[in-house]
Amino acid sequence: MADSERRIKDAQMRATINQKLVETGERERLKEVLRTKLIECGWRDQLKAHCKDVVKQKGLEHITVDELVAEITPKGRALVPDSVKKELLQRIRHFLAQQSNI
Amino acid sequence: MGTRAGGSSCPHVVALKESRGLDTFRIILSNFVYCRSPRARRLKAQSCICHDCATTADRLHCCLDCVYFGCYGNQHIQEHAKSHRHHLALDLSYGVLLCGTCGDYVYDEDVNKVIHEEKYRATQGTHANGTVAWQPSSNELNLLQHNPKRRKITHNSTIGLRGLINLGNTCFMNCIVQALMHTPFLRDFFLSDKHECLMMQSQNHCLVCEMSRLFQEFYSGCRSPHVPFKLLHLVWTHARHLAGYEQQDAHEFFIAALDVLHRHCKGDTDYSNHHNPHHCNCIIDQVFTGGLQSDVTCQACLGVSTTVDPFWDISLDLGTSIAQADSQDILTAGFLTAGASAITNGISYTSTSLTDCLKRFTRPEHLGSSAKIKCSHCHSYQESTKQLTMKKLPVVACFHLKRFEHSTKFRRKISTFVSFPVELDLTPFMAHRRNGLDTFSISPGEMCPTPASNENRYSLFAVVNHRGSIDSGHYTCFIRQHRDQWFRCEDDIITKATVADVVNSEGYLLFYHKQLVEYE
Ligand SMILES: [Zn+2]
Ligand SMILES: [Zn+2]
Ligand SMILES: [Zn+2]
Ligand SMILES: [Zn+2]
Ligand SMILES: [Zn+2]
Ligand SMILES: [Zn+2]
């Protein structure tokens with residue numbers, strides 16, 4: 001298969017999966033699971049503290065949400081525990097396995 | 001230039017509120033962000049796509065002025081705002097408002113209020129530990145400002161630990177109270193003051209209100225032992241069979257307490273009126289009720305009749321004593337080949353484990369020729385087998401190890417060691433697992449290849465122990481206060497304990513909570 005063809009297939013697949021996740025409400029459930037997990041492991045507190053530092057440093061009047069997001073994203077990604085990533089991945093896999101029409 | 005992250009509302013939002021109000025905003029929110037119906041979800045799934053680049057990711061936004069969906073990642077929503085002078089767009093992941101002209105998200109109290117209302121509406125009817133963040137009222141904000149001290153359970157804190165004075169053989173009650181006070185979901189419920197009393201005429205008699213007060217006492221930070229006389233009085237009035245200064249059975253007390261709590265949640269003072277816990281969503285039933293499936297198989301036609309009954313706890317046999325069991329049973333259970341055996345009162349019991357007890361509990365049982373049942377399939381009286389499995393797992397699972405034997409000939413206590421794990425997976429005992437496959441010939445590891453297997457996993461958080469004989473004895477308990485911090489409670493004395501102390505103890509009641517609580 002040509003590269004471009006594969007890319008199109010991938011994008012189609014991604015769109016179908018996303019549609020399924022939204023339609024069934026699974027996406028919201030996963031988001032909720034993720035939110036809870038991140039609170040439980042202290043990720044949210046850590047990131048919140050980091051946000052406060054950034055805002056203090058730059059001054060409240062001189063920062064946009066975009067800039068704040070750009071500033072904390074690398075740390076935010078790095079701090080997500082592997083166990084949380086794994087669990088979420090497993091849940092998505094499990095969900096897909098249950099969908100007969102994908 | 002423009003509004004900054006912490007600033008107040010931008011002029012465009014102010015203008016919107018003055019001209020059109022927030023109705024459009026609310027409609028989009030309830031259809032595309034916090035869907036109220038499966039129909040809305042389907043529509044969302046079909047239409048949430050960038051009109052310019054067709055992506056479904058990259059933070060989609062929806063224009064408030066026209067029918068346009070655009071992504072943030074490729075700047076499509078920003079460009080739309082500029083070229084059409086449609087300032088405001090709604091972030092479809094979180095519902096927040098973006099002002100494309102001011103170049104930032106808008107923080108506006110009215111907008112936030114609508115977001116919280118819609119979010120709440122969408123999650124209504126879901127689990128009590130649900131998903132809606134607490135929004136303090138102005139009164140509560142005031143209280144918080146005037147009482148700046150916060151209590152937090154940290155590594156060395158003693159919050160939540162409180163001894164209970166023994167009021168004369170009331171250790172059976174004290175250890176159940178300790179277990180309830182450390183049940184995470186009850187704690188969340190009571191400490192967030194969620195009990196709305198329905199016992200209009202007799203709030204003084206409401207056991208749920210008393211539980212609320214007890215939680216306040218336990219988590220107040222006060223370290224002197226609490227005297228639970230009000231509780232005892234209420235128990236005596238509402239569960240008369242437990243009244244008197246004799247030692248009572250802790251398990252019996254636990255069930256009686258749940259029953260009274262469940263009744264008082266409904267504001268019911270009429271004791272003849274029994275609610276079906278199946279359809280009850282009081283905090284007790286939300287936390288403790290599970291569903292037990294019973295499959296009765298007719299030996300003639302192999303037709304299966306299935307019923308599901310609610311349960312608050314599971315009572316488990318420790319295994320028949322060698323002397324009593326018939327040889328058939330011994331062979332099938334593998335008793336003769338099993339390891340160590342303990343001798344109590346001259347009768348031999350094999351030391352066993354919680355898992356073994358659960359296997360025995362969920363094993364098909366032949367009902368015998370003297371117990372013929374009318375089959376609903378072939379309509380004749382036939383011998384049958386019966387098998388119990390878990391249909392719905394409770395949030396908190398309580399296992400009662402039947403250490404007290406009462407028969408016409410004798411009464412005795414079985415002190416056999418029963419091992420139990422700190423983490424328990426109930427998947428092998430679930431109804432859908434058992435249908436058509438002999439689960440126990442496969443090891444648990446191989447058995448659950450499904451990725452979502454943590455759904456049925458539990459953590460131990462309280463153990464009630466009994467020492468002494470059936471006639472004179474004493475109850476104590478272990479409770480988990482914080483992560484793996486264990487404490488032993490003996491009435492008013494609380495001492496630190498290790499996990500090893502807990503799992504090596506002679507357990508009588510074992511309390512586990514679900515590791516992952518789903519919302520429906
Ligand atoms: Zn786009
Ligand atoms: Zn527009
Ligand atoms: Zn603006
Ligand atoms: Zn009440
Ligand atoms: Zn109830
Ligand atoms: Zn039959």
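Quick note on labels: first sequence line is chain A, next is B, and so on, each numbered from 1. Below, each value reflects all heavy atoms present in this structure, side chains not excepted, and no hydrogens, waters or symmetry copies.
Rounding to the nearest 0.5 Å gives a distance of 12.5 Å between CD of A:Q19 and NZ of B:K44.
The environment of B:R480 atom CZ is dense: over 12 non-hydrogen atoms of other residues, nucleotides or ligands sit within 6.0 angstrom. For B:E423, the CD atom sits in a packed shell: over 12 heavy atoms of surrounding residues, nucleotides or ligands are nearer than 6.0 Å. Other residues, nucleotides and ligands contribute at most 12 non-hydrogen atoms within 6.0 Å of the NZ atom of A:K48.
Residues B:R41 and A:V22 come closest through the heavy atom pair CD-O, 3.2 Å. Of all heavy-atom pairs spanning B:S93 and A:K31, the tightest one is O-NZ, 3.1 Å.
With a 4.5 Å cut-off on side-chain heavy atoms, B:R42 and A:E23 count as touching.
No part of B:R39 comes within reach of chain A, as not one of its non-hydrogen atoms sits under 4.5 angstrom from that chain.
The most heavy-atom pairs under 4.5 Å with chain B, out of A:L89, A:T24, A:T36, come from A:T24.
Partners of B:E117 under the salt bridge (charged side-chain N to carboxylate O under 4.0 Å, His left out) rule, at least two apart in sequence or in another chain, are B:R26, B:K113.
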Check: residues 68-81 of chain A side-chain donor-acceptor pairs under 3.5 Å, at least two apart:
unit_1 : atom_1 : unit_2 : atom_2 : d
A:E71  : OE1    : A:K58  : NZ     : 3.4
A:T73  : OG1    : A:V69  : O      : 2.4

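Side-chain atoms of B:D104 never come within 3.5 Å of backbone atoms of A:T64 as a donor-acceptor pair (strictly under, hydrogens ignored).
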